Amino acid sequence: MRVLALVRQGRALEHALQLGETTVLGILAPIEQPALQAARAAGAVRAVLLWDSTIERTDYLGLAVTLAACARTLEFDLVVAAEGANNAIGPAVADRLGLPHLSGVVDARVDNGRVFVQRRCDGQLHRYSGAPPLVLCFADGKPIPPAPATRHAVEELDLAAVALARAEITWRQRFRPRSVGDTG
Amino acid sequence: MANLLVLIESRERRPLPASLEVLGRARAIASELGATVYALVWGAPLDEVHQWDLCTELSRAGADKILVAHHSTYDAPLRFGSHGPLIEATCETLTPALICAAATCGTRDVAARLAAHLGAALVCQAWLEIVDARLVLAEGDSEGRRQLEGDLDFPRVALVPAGRYRPVQLGERAKAEVQKLEFIPPIEGDLIPERAHT
């Protein structure tokens, strides 16, 4: 199973590694490249970093559009994300990719090419199964451990590499809640 | 602002208290801005007595119009795969300026995908306020408060934490219009429930 882990929120990696051969995709400033190095050190076979300064000022959907465009250039069967505080990114990426998604996932396994998922909701566990491609949003997970000194290759992409124009990201700025007085 | 849509979750044929809190807040905003509050409620088919009770409770909690969708599919826990098509179809009909719901594990599965589908702004852990006769959506605490500003000509999806607002009680004379939605949920083929267990 080829798994694409969205690591911006950091905590999906351990689940992804248990599900199959994992590529980590981060929309991170280059200065945060060590997070992807750490993911490689933890077992990811490939790390891809995409950055553009416009991403800092966009909203959840601008991020999702960017991640989905990047995902289309990579091969995957499953996309794995961590919910974080708002669970905004995973479901929005699923929408852009046109894939089924499920949130509140606490466990997943693969059997005969089918994905079996447990979701916790209202104190109960509910079981689902499905054929990939799917997007799974995990409710929890440990952060990526710090990377050892060994350096791993991290591929760097820009918006052009994933066929996105800046305007496709920047127009979402006005949809993003801002601090009072923030004009950026 | 024309329409506000409140997503109502229910358990044991009763609306969740947190959903009634959001409905009450929507009522206050709508009264201030001259908008209409739609409450969308779903679930397994109900007999007439239980449906009457449910709609009476939603009327008294602030709904102007109640949209009822009953199907065995909707008896399962809320998630986008099963309930999303109903909610999307309702939004396409009403074109609400604001879609709001109590923040629960179910609405956390639905909100961002619905917002992405609509191209809407998304505000989680939201405050719904009226400032200078305009609706302001904010998130965060007083120090890290962020809000949507300016003339908002796009739809917004907001999740409101339980306990943030008090429900309203309009009294026995409140009577919302009830509309039964004849929406058949599409067959799910990709991610299906197996069985529930505690």
Side-chain angles (χ1 to χ4, degrees), chain A residues 59-65 68 81 83-106 114-137 139 171-172 174-183, chain B residues 9 11 16 76-82 84 88 103-127 136-140 143-159 188-198:
Chain A
D59 73 338
Y60 78 100
L61 189 52
L63 284 174
V65 165
E83 285 194 3
N86 296 331
N87 193 34
I89 300 302
V93 169
D95 180 77
R96 293 295 111 168
L97 291 173
L99 298 179
H101 85 273
L102 189 66
S103 307
V105 175
V106 293
R114 194 164 178 84
V115 184
F116 294 83
V117 178
Q118 287 194 47
R119 176 195 192 205
R120 184 178 295 282
C121 194
D122 298 329
Q124 282 196 315
L125 285 177
H126 302 270
R127 290 180 175 173
Y128 302 83
S129 71
L134 304 169
V135 177
L136 303 180
C137 307
W171 81 279
R172 291 296 306 185
R174 59 192 288 264
F175 293 76
R176 183 176 71 105
R178 294 180 185 171
S179 301
V180 176
D182 175 11
T183 56
Chain B
E9 284 188 83
R11 302 274 185 281
L16 287 185
L78 174 63
R79 64 188 172 87
F80 186 87
S82 52
E88 283 183 350
T104 65
C105 63
T107 56
R108 278 170 61 87
D109 190 68
V110 168
R113 184 143 190 178
L114 176 67
H117 177 79
L118 298 172
L122 176 66
V123 182
C124 299
Q125 302 169 57
W127 297 92
V136 173
L137 269 60
E139 62 185 9
E143 289 181 5
R145 183 181 168 98
R146 298 170 300 280
Q147 63 188 41
L148 281 171
E149 292 181 332
D151 292 326
L152 306 181
D153 55 353
F154 47 78
R156 289 146 278 180
V157 175
L159 291 184
E188 274 192 279
D190 296 315
L191 191 61
I192 55 173
E194 299 225 306
R195 62 185 175 88
H197 62 104
T198 54

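If you're wondering where the values come from, they're calculated on a predicted model, not measured in any experiment. Chain naming here is simple, since letters A, B, ... match the order of the sequence lines and numbering starts at 1 in each.
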Next item on the list: Look at Gln125(B), Gln147(B), Arg145(B), Arg113(B) and state which one has the largest set of heavy-atom pairs under 4.5 Å with chain A.
Entry: Arg113(B)

Note to self: Going by the rule side-chain contact (heavy atoms from CB on, under 4.5 Å), which residues pair with Ala76(B) if we only count those two or more places apart in sequence or in a different chain?
What the structure shows: none

Checklist line | From Tyr60(A) atom OH to Cys124(B) atom SG, the distance as rounded to the nearest 0.5 Å | finding: 9.5 Å

Next item on the list: Over all heavy atoms of both residues, which pair between Ala112(B) and Pro91(A) is shortest? Give the atoms and the distance, please.
Entry: CB-CB, 4.0 Å

Item checked: Step-by-step side chain to side chain contact (heavy atoms under 4.5 Å, CB included) determination, Arg127(A) to Ile192(B) -> CA-CA 8 Å; Arg127(A) 290 180 175 173; Ile192(B) 55 173; over 6 Å; no

Item checked: Max heavy-atom pair count under 4.5 Å with chain B, selected residue of Asp95(A), Leu99(A), Val65(A) -> Asp95(A)

Next item on the list: Quick one: pull up NE2 in His126(A) and CZ in Arg79(B) and give me the separation to the nearest 0.5 Å.
Entry: 10.5 Å

Margin query: Distance check, rounded to the nearest 0.5 Å: Ser129(A) atom OG versus Glu194(B) atom CD?
Written below: 4.0 Å

Notebook entry, point to check: CG/Asn86(A) to CG/Leu122(B) distance, rounded to the nearest 0.5 angstrom?
Noted result: 7.0 Å

Checklist line | Minimum side-chain heavy-atom gap Asp122(A)-Cys105(B) below 4.5 Å | finding: yes

Check: Side-chain contact, heavy-atom cut-off 4.5 Å: Ser103(A) with Arg108(B)?
Finding: no

Margin query: Would you compute the distance between atom NE2 of His117(B) and atom CG of Leu61(A) and round it to the nearest 0.5 angstrom?
Written below: 12.0 Å

Checklist line | Leu78(B) versus chain A, the contacting section by heavy-atom distance below 4.5 Å | finding: backbone

Notebook entry, point to check: Considering all heavy atoms of both residues, which atom of Leu102(A) and which atom of Asp109(B) are nearest to each other, and what is their separation?
Noted result: C-OD1, 3.5 Å

Margin query: The criterion is side-chain contact (heavy atoms from CB on, under 4.5 Å); which residues satisfy it with Ala121(B), sequence neighbours excluded?
Written below: Phe175(A), Leu148(B), Phe154(B), Arg156(B)

Note to self: Between Ala94(A) and chain B, with a heavy-atom cut-off of 4.5 Å, which part of the residue counts as in contact: side chain, backbone, both or neither?
What the structure shows: both

